[in-house]
S.K.: 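What follows is a single structure, and I will ask about it in a moment.
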Amino acid sequence: MHHPENDSSDGSQISNENGGRLVLILRFSASLCLAAWAWVHLYWEGPLGVLLWSDNTLEWAKQLGYSWDEFVGTGANDGLIQRLQRGIGWTLLIAAVGVALVRSPGKTAWAMGIIGSLLLFLIGDSKYLASQQQLPMLIEHGGQMLSPILFVLALSYGPRHRVTVNVAVAAVVLTFAGHGCYAIGLWPTPSTFFAMTAVILGTDYDASVLFLRIAGGLDFGVCVALLVPPLRRGAAAYATAWGFFTAIARPAAGMSIGLNYFGANQYLHEAILRTPHFLIPLYLFYVWRPSSDIQPTLH
């Protein structure tokens with residue numbers, strides 16, 4: 001009998017042990033990303049406000065019988081918008097727990113994956129609108145958006161199935177292309193990029209610009225190299241390392257002993273929600289191991 005897991009991108013078969021490790025990486029990627037965004041919505045104010053604070057939402061609320069005061073609230077987080085934000089936060093948390101706990105493919109797994117990816121897409125779309133529709137802002141969230149669905153694909157079809165691997169490649173390419181557009185200057189480079197570079201590396205403005213331009217060029221190099229079989233594993237290794245360092249750059253640059261909780265409540269989630277940026281490339285790095293390094297299935 002043919003098993004989807006054996007329909008690998010390189011024609012090799014894997015053991016349950018190897019497949020389990022790959023699925024675990026994608027499980028952590030999706031679950032941690034969802035949990036961090038849940039924290040943003042429950043503790044802070046999520047980016048979906050740009051979608052919710054609109055005339056269309058107000059008209060919808062009026063049709064349901066809400067007054068303006070009930071819509072905006074009294075300032076004590078009791079308005080309709082604040083309740084919707086909290087509801088989204090709890091839904092993200094449920095999806096995060098569901099992804100962490102589900103062990104077999106089926107309706108529950110697909111529900112968690114679809115709901116998780118849909119909410120992450122809405123978050124990415126909100127960030128895109130808030131940035132005055134800068135395209136890189138949307139596509140750089142591709143890895144996060146696709147991470148729940150990617151996990152379900154690995155669980156349902158196998159972590160080495162062509163569809164699973166291709167979606168993972170697309171996720172990494174989107175993330176690095178988005179970052180590259182900003183870093184290389186095709187779109188205005190965010191001030192936070194300069195600030196993190198200066199704080200962590202101790203560089204002045206000119207040196208920070210040069211560093212970011214080189215990093216942006218390498219981002220695009222990764223996108224191309226992932227599509228070239230002899231280069232793809234090395235590209236995945238670089239993407240794993242660079243994705244990890246750019247994720248922890250947020251708390252590294254922002255946290256301080258002078259802040260409450262050392263600033264962990266403000267900055268730590270910024271690294272955790274970016275776990276797909278380095279865990280998905282790590283998954284590809286293991287997927288593309290030479291077949292001689294993969295333990296054969298014992299019968």
Side-chain angles (χ1 to χ4, degrees), residues 3-5 7 16 18-44 46-48 51-52 83-127 138-172 174-175 243 247 268-284 286-287:
H3 295 279
E5 184 174 279
D7 187 10
N16 291 331
N18 289 320
R21 179 190 300 168
L22 296 173
V23 171
L24 184 63
I25 292 173
L26 296 180
R27 184 190 303 277
F28 273 114
S29 171
S31 182
L32 290 174
C33 179
L34 289 165
W37 277 114
W39 170 265
V40 172
H41 285 78
L42 295 173
Y43 190 85
W44 300 102
L48 287 171
L51 293 177
L52 298 176
R83 294 202 298 274
L84 286 173
Q85 290 264 32
R86 287 197 297 273
I88 291 168
W90 285 113
T91 305
L92 284 163
L93 184 59
I94 290 170
V97 173
V99 168
L101 296 180
V102 68
R103 289 294 183 271
S104 59
K107 293 181 180 179
T108 300
W110 278 102
M112 294 298 100
I114 292 172
I115 292 172
S117 282
L118 177 60
L119 289 175
L120 292 176
F121 172 79
L122 291 176
I123 289 170
D125 187 50
S126 299
K127 301 274 282 186
L138 178 63
I139 65 175
E140 74 170 0
H141 285 81
Q144 297 179 38
M145 296 176 195
L146 291 173
S147 60
I149 284 293
L150 180 59
F151 162 70
V152 177
L153 288 172
L155 195 65
S156 300
Y157 298 109
R160 290 179 177 269
H161 193 277
R162 285 181 175 83
V163 172
T164 309
V165 174
N166 288 340
V167 171
V169 171
V172 177
L174 287 170
T175 299
L268 192 57
H269 66 272
E270 293 284 353
I272 297 174
L273 63 84
R274 289 175 171 81
T275 50
H277 298 188
F278 58 89
L279 288 184
I280 296 178
L282 180 64
Y283 152 80
L284 289 173
Y286 280 113
V287 163

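The analysis underlying the following values was restricted to heavy atoms, covering all of them including side chains, and did not include hydrogens, waters or symmetry mates.
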S.K.: List the atom of Leu273, the atom of Val40, and the distance in Å for their closest heavy-atom pair.
M.R.: CD2-CG2, 4.4 Å

S.K.: Could you go step by step and tell me if Leu92 and Ile123 meet the side-chain contact (heavy atoms from CB on, under 4.5 Å) rule?
M.R.: CA-CA 11 Å; Leu92 284 163; Ile123 289 170; 4.2 Å; yes

S.K.: Do the side chains of Leu279 and Leu282 get nearer than 4.5 Å, heavy atoms only?
M.R.: yes

S.K.: Using 0.5 Å steps for rounding, measure from the CG atom of Leu118 to the OG1 atom of Thr91.
M.R.: 10.5 Å

S.K.: Just by modelled atom types, is the Phe278 backbone N or O under 3.5 Å from a matching donor or acceptor in the Tyr283 side chain?
M.R.: no

S.K.: Would you indicate whether the side-chain heavy atoms of Leu93 and His41 approach each other to under 4.5 Å?
M.R.: no

S.K.: For Tyr43, check ring pair (Phe, Tyr, Trp, His ring centres under 6.0 Å) against everything at least two apart and list the hits.
M.R.: Trp39

S.K.: May I ask you to decide if Val287's main-chain N or O and Arg160's side chain share a donor-acceptor pair within less than 3.5 Å?
M.R.: yes

S.K.: Got a donor-acceptor contact below 3.5 angstrom from the Asn166 side chain to the Arg162 backbone?
M.R.: yes

S.K.: Using the ring pair (Phe, Tyr, Trp, His ring centres under 6.0 Å) criterion, which residues pair with His141? Sequence neighbours excluded.
M.R.: none

S.K.: What are the two closest heavy atoms between Ala109 and Leu155, and how far apart are they?
M.R.: CB-CD2, 4.0 Å

S.K.: Decide if atom CH2 of Trp90 counts as having more than 12 heavy atoms of other residues, nucleotides or ligands within a radius under 6.0 Å.
M.R.: no

S.K.: With rounding to the nearest 0.5 angstrom, report the OG1 to CE distance, Thr175 to Met145.
M.R.: 9.0 Å

S.K.: Please table the atom pairs, donor to acceptor, closer than 3.5 Å between any side-chain atom in residues 25-37 and protein atoms at least two apart or in another chain.
M.R.:
residue: Arg27; atom: NH1; partner: Val99; partner atom: O; Å: 2.8
residue: Arg27; atom: NH1; partner: Ala100; partner atom: O; Å: 3.4
residue: Arg27; atom: NH1; partner: Val102; partner atom: O; Å: 2.5
residue: Arg27; atom: NH2; partner: Val102; partner atom: O; Å: 3.2
residue: Ser31; atom: OG; partner: Ala96; partner atom: O; Å: 2.9
residue: Trp37; atom: NE1; partner: Gln144; partner atom: OE1; Å: 2.8

